[in-house]
Amino acid sequence: LNTDKRISFSASFGTGAPEGDHPTEMSTALSRFDSIAVRDKNSQEIVRKVCGRTAQITVDPTLIYDFVEESKGKECYGLEPVLLVYSYRQKPDAIAQTEKYAKEHNLVIDCVGYPPPIRGPRYCQRVDMSCGPFEWVERFASAHTILTSTFHGVVFSLKFQKPFFFTSCDASHNRVSSLLDFCGIPHSLQLAREDETVLFQPDYNQVTPKLEAAAKASKQWLLEQLVR
C-alpha cells in the first residue's frame, strides 16, 4: 500500500489463535503499521506474539455511530412485540428455547438475514431475506429480544439495550467473549460447547455507560493517530 501512514482500527484475527507458528510475512506486514488497534483480546495477543507490539483495544466502529436516524422507522413494523432471529446457527436447542421464550412473552418470531433450517421446524412467523442494512438496524431497534450467533448481532443487541440469546460458535467466539468481558457481563462461553444457546439479560445501567465511554475513547484514539 503506497501511503505515508498505516493505521489499523478495531481489526480482528477472527478465529486465528496466538498459539502455533505464524508466517514471517505477518511480522513484516504488522511492523509497517504506524499504529495498531484491535477489537478483542485474542487479536491483541496475536499482535504481541507475532511482532512484539502492544495493540490498543478499541470498540467495533458500529459502537461509535449512534444510528439515531437509521432507527427512526422502527414503528413501521407494527405494534406486536418481536423476537428477532439473526443467526446462521439455528439448531434444535436454540429453536426450542426461542419458541418457549416467545410463547412466555407473547412475541412474534421474525427471521432476517439467514433463513430457518429447510428440514427443521417452521418456527418463524415471518421470514425476510431481502432486508437491507437500514431495515436491519430498524428491526434490531424495534425488537423485544434477539437470537443471534454473530458478533454484530450481539453488538446491536447491546447497542439497543435488548435481552438476547447467543448461540456460541467458533466464528464469533473470540470477539463476543472479549466484548462480554469488557462490558462486565458474566458468561461461561467455551469453544468446546459450540452451539450452546444462552440467554443474556444485561444490566444496561451498568453496560451502556461503559460502551459509551469506550466509544468516545476509541474515536479519540483514532483522531490522535491521524494527526500524529
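Note that the coordinates shown come from a computational prediction; the quantities given were computed from them, not determined experimentally. Both backbone and side-chain heavy atoms feed into the values below; hydrogens, waters and symmetry mates do not.
Every residue meeting the side-chain contact (heavy atoms from CB on, under 4.5 Å) condition with Ser178, not counting sequence neighbours, appears here in chain and number order: Asp40, Lys41. Taking the side chain to side chain donor-acceptor pair (under 3.5 Å) definition, one finds that Lys103 meets it with nothing, sequence neighbours left out. With sequence neighbours excluded, the residues satisfying side-chain contact (heavy atoms from CB on, under 4.5 Å) with Ser31 are Ser27, Cys51. By the side-chain contact (heavy atoms from CB on, under 4.5 Å) test, Gln125 pairs with Val108, Ile109, sequence neighbours left out. In this structure, the ring pair (Phe, Tyr, Trp, His ring centres under 6.0 Å) partners of Phe164, at least two apart in sequence or on a different chain, are Phe200.
Annotation for His187 and Ser177: closest pair NE2-O, 3.6 Å, computed over non-hydrogen atoms.
Ionic pairing of Asp60 and Arg39 is present here: one or more N-O contacts between side-chain nitrogen and carboxylate oxygen are shorter than 4.0 angstrom.
Side-chain polar atoms of Ser35 and Gln56 form no donor-acceptor pair below 3.5 angstrom. A donor and an acceptor atom, one from each side chain of Asp128 and Ser130, are located under 3.5 Å apart. Between the side chains of Thr98 and Tyr123, no donor N or O sits under 3.5 Å from an acceptor N or O.
Atom NZ of Lys216 has 12 or fewer neighbouring heavy atoms from other residues, nucleotides or ligands inside a 6.0 Å radius.
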- Query: Under the side-chain contact (heavy atoms from CB on, under 4.5 Å) criterion, do Thr62 and Phe67 qualify, and how do the steps go?
  - Reply: CA-CA 9 Å; Thr62 58; Phe67 291 96; 4.2 Å; yes

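For the salt bridge (Lys or Arg N to Asp or Glu O under 4.0 Å) condition, the pairs that include at least one residue of residues 42-58, sequence neighbours left out, are Glu45-Arg48.
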